[in-house]
Amino acid sequence: MSKDGEKSGWKEYIWNPRTREFMGRTASSWGLILLFYVVFYIFLAGLFALTMYVMLQTLDDYKPTWQDRLATPGMVIRPKSDETYEIVYDTRNTETWDLYAQALDKFLTPYNNSLQTEKNKECTPDEYFLQEDTGDVKNNPKRSCQFNRTILEACSGINDRYYGYQIGQPCIIIKLNRVIGMLPGKDGQAPFVTCAAKKYKIGKDQWREDTDKIGEMVYFPPNGIFNLMYYPYYGKKAQVNYSQPLVAVKFLNITTNEDVNIECRINATNIPIGSERDKFAGRVSFKLRINTK
Amino acid sequence: MGYGRSDSYRVATTQDKDDRSPKKKKGAKDMDDLKKEVPITEHKMSIEEVCRKYQTDIVQGLTNAKAAEYLIRDGPNALTPPPTTPEWVKFCRQLFGGFSVLLWTGAILCFLAYAIQAATEDDPSRSARSHMFDRLSLCLQLYLGIVLTAVVVITGCFSYFQEAKSSKIMESFKNMVPQQALVIREGEKVQINAEEVVGGDLVEVKGGDRIPADIRVVSAHGCKVDNSSLTGESEPQSRSPDCTHDNPLETRNIAFFSTNCVEGTARGIVICTGDNTVMGRIATLTSGLETGKTPIAKEIEHFIHIITGVAVFLGLTFFILAIVLGYSWLEAVIFLIGIIVANVPEGLLATVTVCLTLTAKRMAKKNCLVKNLEAVETLGSTSTICSDKTGTLTQNRMTVAHMWFDNQIHEADTTEDQSGASFDKSSITWISLARVAALCNRAQFKAGQDQLPILKRDVAGDASESALLKCIELSCGSVRAMRDRNKKVAEIPFNSTNKYQLSVHETEDLNDNRYLLVMKGAPERVLECCSTILVQGKEQPLDEELKEAFQNAYMELGGLGERVLGFCHVLLPEDQYPKGFAFDTDDVNFQTKDLCFVGLMSMIDPPRAAVPDAVGKCRSAGIKVIMVTGDHPITAKAIAKGVGIISEGNETVEDIAARLNIPVSQVNPRDAKACVCHGTDLKDLSQDQMDDILRNHTEIVFARTSPQQKLIIVEGCQRLGAIVAVTGDGVNDSPALKKADIGVAMGISGSDVSKQAADMILLDDNFASIVTGVEEGRLIFDNLKKSIAYTLTSNIPEITPFLLFIIVNIPLPLGTITILCIDLGTDMVPAISLAYEAAESDIMKRQPRNPFRDKLVNERLISIAYGQIVTAGFALGGFFAYFVILAENGFLPTTLVGIRLNWDDRSCNDLEDTYGQQWTYEQRKIVEFTCHTAFFVSIVVVQWADVIICKTRRNSVFQQGMRNKILIFGLFEETALAAFLSYCPGMDVALRMYPLKPSWWFCAFPYSFLIFVYDEVRKLLIRRNPGGWVERETYY
């Protein structure tokens, strides 16, 4: 009995033919409350848009207000596999390393000498390429320096289409994240990349280094420097064709058939060592494993 | 949140789900049996029959063997102690009741999410350091689960201890002294433990004893018993072997278990022991009653339904949305859990408990001890108070109220503190009257009370004589001295045949050798003995005119429900009764006729001073006050008129009949607002007739009611939808106390059983304290509403970030940890501080809450909290801060949309922002967590305005003022806590909260201001336009 009552109660709640109420409200009541909410939300949206507009007006078009979180620029390697920083392939199986070669090809295409000479300027090396604005007059668009693919020599992929992967001498390309206005290095000394074996944990309080397995390395350009002329960066809007400088590392006789953990860091006196937590600030680590048998 | 009502007297087996089980049926039948009247028949039997029935002897008593046999058969003569709930069950009830279930569900979902995530995570030991943050984010779910569990456990413990504390106070009320009884077995008097008394035992009781069992009196000498705890009658009643009434409760030849023998001695045969006694049946009836949920428990349940509904609806919507948008089912489940958790107001449970506790404490200060927390609010919802008369409305102390002498009625002072008006004490007649009253009086003060005020002193003697004693002591000084001056030489004590008491005294004047004979008794009897009357100190012959004056005065005083006594005296002529005359009181050898009538004195148990005012307040607060008493209708009506339960000018059917001089049957009952209903009539009423009485009369007095009828009255009121409070002190009230939505027992005069059955105890026995309770209860309901509105407003903005996160693919604006920081951190103190908020208007001038319409949480509150203030302030303020921080760091809103996949990709460490800069995962996550912190701070900033908004529901803040110091403290506290969480070193590791630039604190200011202005305007419209659209749609 009570169940029936409840049922009809529900039905009545949804549509009450006597009072012509739908869900406890008449049409005009629904109309009024909906109208109120529509007007109310339009007003709020307008207000939000207004405050957002005001906020956006306070922003500089060329430089973000705060950069304190980017004090130590990040470092990234190419080629990059899907999720992890692991480069694992088998020399005998073309498919396994061809992917890496293709990725590098694609990555390096914008650095082709023809494109660079067409778009960018040849700058004076070893000094910052400053293009300051004079007062309110913007010195835009700003020019960028050429970074020709040939600078990477053996790792440019021009002579060796496979970047040494098929012969167990892979190239890894390293780049430093762009940060507007950053002037790395100091006293005319360019920042440079060094790679070494990485300390890693194998058990509780047990650490290991793969120093003996890493073998010989060659850096391109020599010493693995990022030339000063590529700095400072003026931002996407002002410096449209900016070419990010790269450093390539070629492992000549790395131990095969074993995991080798490598860490590369940037060396520059005015780049603070990043926090322990951020393993990609000012350094990058990866695992290399070349299977031959 | 089940603060289970006190279960002390509850039978444990009634929770049987299967209605058809015979056990249940039997239980129900027993219950109905108990509601019927007592089936004692022994009073109608002759003594011999009774002896035969119990195989006992009227002189020798039982044999020891028989007694032992009966003891084994019937069990000990004691009330079965109420089944006590084990402590752990009580504790579990606190832990798993009501609201906690929601939180438990939340916690379990969190653990589930943790388990799912942990199981799907790659082997975490692979590279411990680098996975630190993976683990941290994974642990969030675990933390959340643990925190939720902790919240439930802590609040559970809190209310458990609160309850334990009040039950401890209860314990202190009991003083269990093993009771002794004097029985005659095998012809010898033996003192045995009252528990060993069995049916058929011959027992002897004397003045001051407690009756050990229900006994059929076989012989008595001036025995009087105080039945007030059983029947509510305030006068001691005499006991004799004769059956005087069919009703066992009314007849003279039965004395009841646990009532007190006031004076005299009696011998009787035990007819019922233990639970079979009348008292035992009432106690069992009480313990068998199921009590409904408290109104606040119902409200909170309703609230949980709404919240759960909203949570599940939103959760499922998001789940489906997530699946449609292409998230994996795992992610979708985690979203679902996140939404549900975000929807649970974690801190609310604690807030409600604390609010109720604070009020309970405040009430305890005002002498209302609350036994279970939820009862605090129940009193506020009360719409009907059924009050016992004796001891609750009255002082439970006979007091001289009126005197008639010199052909004039004088009013005596009946107030508790002697602040009332006095009468002319110079009249010689008065001096004579006082002398008669003092001398013809066996009552005397117990020793060692000289420092106490006269009214507080204990008296040995009968209630009327005590009243006279105190009255004389107050107006004429020491009665003892007067009695010493007038030595008593002879006395005839009161008996029911004479209906008077007389004594003969020497006179004060040493030279006067005459004897003074003083007499008091039933006025008509006393008048019969008189031939003259004292008027203005002069003896006058008692003519017809004076006799009529006497009759009128007698009728008038009797009509006031007062007990009237007549007084007369005579100075015996010296020639007939010379000094040393041997007065023989058995064979009266002296003059008892032609005395001189002095006056009348009438006594009543007067109402407490504060009661009329309190009743008036209840009435203006829309609460119906019904008097339910075991006393006589005339007395009950007089007191009801005295305290305003029947207000001036309102007539009963009988009054109308008397006024119009027509038979009662011709009066339209609808014309009479007041009604005095006799218990015997009540017995024959059908349920409909009962409802009719309760519905159609605003002022009702039930007289001569039995405990069972009290219960029926309470049930009748509840059937009509009223929330009923019952006040009472006696055992006879306890079933009603238990059945009522809130039972209020008296702390001083109340019996243990009544205190056990009650939810609240008035420590000062003052009915006026109930009014305070009602006021506090109403206030807490209003304030809880405000508190919930406040808490809920911060609840929904915790969901909107998820919404945008999933739909627009922006980085998550508010994390789980920050949600907890809001719910359990910054929101707590302000939410609790609202419990200290003063009332907005005179809450005692409005009608009681209608439990069906006025909900704690209604759709308007949800609409206001979720639809308006939230969106206006919190969500927009928080999102604004979020967009400001991201934009100032280089991520403009345009870039943000759709960035989520790359943003949360751990391997993407060169994510480009709007300016072309590149960010590592950790760098952008720090910015994201800074956004969470800013969102959190924005909510705090908007909560400033919100708490001020929630202070009032109708008034402007400028009318209400900012006098709530706790609230101001709360504002500073939440701000300080927010600053601490943001700036304290180490918080980045512990809670992932980062320091904010000072300018980011101000992002939410415009929104804070906006909601404040919006709400002030809304309230202004409500005040300007009562009943208008704004009020209908937004007044919660």
Side-chain angles (χ1 to χ4, degrees), chain A residues 24 29 32-33 36-37 40-41 43-45 47-48 51-52 55-56 58-70 72-76 80-85 175-180 182 200-201 233-240 242 244 274-281 284-285, chain B residues 122 125-130 132-133 859 863 867-868 871-873 875-877 879-880 883-885 887-893 905-927 930 988-989 994 997 999 1003 1006-1007 1010 1014 1029-1030 1032-1034:
Chain A
S29 170
L32 215 55
I33 193 84
F36 166 75
Y37 272 107
F40 184 68
Y41 285 140
F43 166 74
L44 286 182
L47 193 89
F48 187 71
T51 47
M52 285 297 279
M55 183 269 291
L56 291 176
T58 64
L59 298 181
D60 189 315
D61 278 351
Y62 300 96
K63 197 168 188 250
T65 319
W66 309 103
Q67 289 183 292
D68 48 348
R69 294 291 171 207
L70 292 174
T72 312
M75 265 173 92
V76 177
K80 183 184 129 192
S81 65
D82 288 349
E83 288 287 312
T84 52
Y85 283 77
K175 64 185 180 106
L176 191 65
N177 277 353
R178 294 192 293 257
V179 175
I180 293 174
M182 180 177 68
Y200 60 95
K201 206 176 185 176
Y233 173 52
Y234 284 105
K236 195 152 87 175
K237 193 169 182 188
Q239 208 171 7
V240 183
Y242 180 72
Q244 202 169 358
S275 101
E276 260 307 282
R277 270 186 251 151
D278 191 351
K279 36 184 185 131
F280 296 98
V284 59
S285 49
Chain B
D122 297 343
S125 65
R126 187 165 43 101
S127 157
R129 201 147 47 122
S130 65
M132 195 169 127
F133 283 107
E859 66 271 28
S863 152
Q868 296 164 34
T871 345
L876 294 190
F879 275 109
F880 182 58
F883 281 121
V884 165
I885 290 179
E888 292 194 344
N889 273 290
F891 292 93
L892 295 191
D905 179 359
R906 204 171 287 280
S907 67
C908 174
N909 281 296
D910 52 353
L911 186 75
E912 209 172 287
D913 68 15
T914 319
Y915 290 90
Q917 304 187 98
Q918 291 169 320
W919 295 70
T920 69
Y921 177 78
E922 185 59 27
Q923 282 165 348
R924 60 184 188 256
K925 276 291 162 180
I926 289 180
V927 173
T930 312
D988 52 342
V989 181
Y994 288 87
K997 312 250 180 243
S999 62
C1003 295
Y1007 295 94
L1010 170 79
Y1014 169 77
W1029 185 81
V1030 181
R1032 269 183 286 122
E1033 293 293 350
T1034 67

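These numbers come from a predicted model, not from an experiment. Just so it is clear: chains get the letters A, B, ... in the order the sequence lines come, proteins before strands, and each one is counted from 1.
Formation of a donor-acceptor pair under 3.5 Å by the B/Gln923 side chain with backbone atoms of A/Pro73 is not found in this model. Between the side chain of B/Gln917 and the backbone N or O of A/Ile180, at least one donor-acceptor pair lies under 3.5 Å. Using modelled atom types, one side-chain atom of B/Gln918 and one backbone atom of A/Arg178 make a donor-acceptor pair closer than 3.5 Å. Between the side chain of B/Asn909 and the backbone N or O of A/Asn177 there is no donor-acceptor pair closer than 3.5 Å. Without hydrogens or angle criteria, A/Arg277 side chain to B/Glu922 main chain gives no donor-acceptor distance under 3.5 Å.
Comparing A/Thr65, A/Leu56, A/Leu47 by how many heavy-atom pairs each has under 4.5 Å with chain B, the most go to A/Thr65. Chosen from A/Trp66, A/Phe36, A/Phe43, the residue pairing most often with chain B at heavy-atom distances under 4.5 Å is A/Trp66. With chain B as partner, the option from A/Asp61, A/Val284, A/Val76 having the largest number of non-hydrogen pairs under 4.5 angstrom is A/Val76. Between chain B and the options A/Ala238, A/Ala45, A/Pro64, the largest number of non-hydrogen pairs under 4.5 Å is found for A/Pro64.
Of the two parts of B/Val927, only the side chain, counted from C-beta on, holds a non-hydrogen atom closer than 4.5 Å to a non-hydrogen atom of chain A. Contact of A/Met55 with chain B is made through the side chain alone, with heavy-atom distances under 4.5 Å. Residue contact with chain B, scored on non-hydrogen atoms closer than 4.5 Å, involves the backbone and the side chain of A/Leu32 alike. Using a 4.5 Å cut-off between heavy atoms, A/Gln239 does not touch chain B at all. Proximity to chain B is absent for every atom of A/Tyr242, based on heavy atoms less than 4.5 angstrom apart. Contacts of A/Val179 with chain B are made by both backbone and side-chain atoms, with heavy-atom separations under 4.5 Å. Looking at A/Tyr62, only its backbone comes within 4.5 Å of chain B, counting heavy atoms on both sides. Interface remark: A/Lys63 contributes backbone atoms only to the contact with chain B (heavy atom separation under 4.5 Å).
Atoms CZ and OG, from A/Phe280 and B/Ser907 in turn, are 8.0 Å apart once rounded to the nearest 0.5 Å. Distance check, rounded to the nearest 0.5 Å: CG of A/Asp60 to CD of B/Glu888 gives 11.5 Å.
Under the 4.5 Å side-chain criterion, counting only non-hydrogen atoms from C-beta, B/Tyr915 is not in contact with A/Lys237. B/Tyr1014 is listed as a side-chain neighbour of A/Phe40, based on a closest heavy-atom distance under 4.5 Å. When side chains are defined from C-beta on, B/Leu892 counts as touching A/Leu59, because their heavy atoms get closer than 4.5 Å. Residues B/Lys997 and A/Asp68 have side chains in contact (heavy-atom distance under 4.5 Å, counting atoms from C-beta outward). B/Leu1010 is listed as a side-chain neighbour of A/Leu44, based on a closest heavy-atom distance under 4.5 Å. Under the 4.5 Å side-chain criterion, counting only non-hydrogen atoms from C-beta, B/Trp1029 is in contact with A/Ile33.
Scanning all heavy atoms of the two residues, the minimum distance from A/Lys236 to B/Thr914 falls at CE-O, 3.6 Å. Listed here is the closest heavy atom pair of B/Thr920 and A/Ala281: CG2-N, 4.5 Å.
Electrostatic pairing of A/Lys80 and B/Asp910 does not count as a salt bridge here, judged by no charged N lying under 4.0 Å from a carboxylate O.
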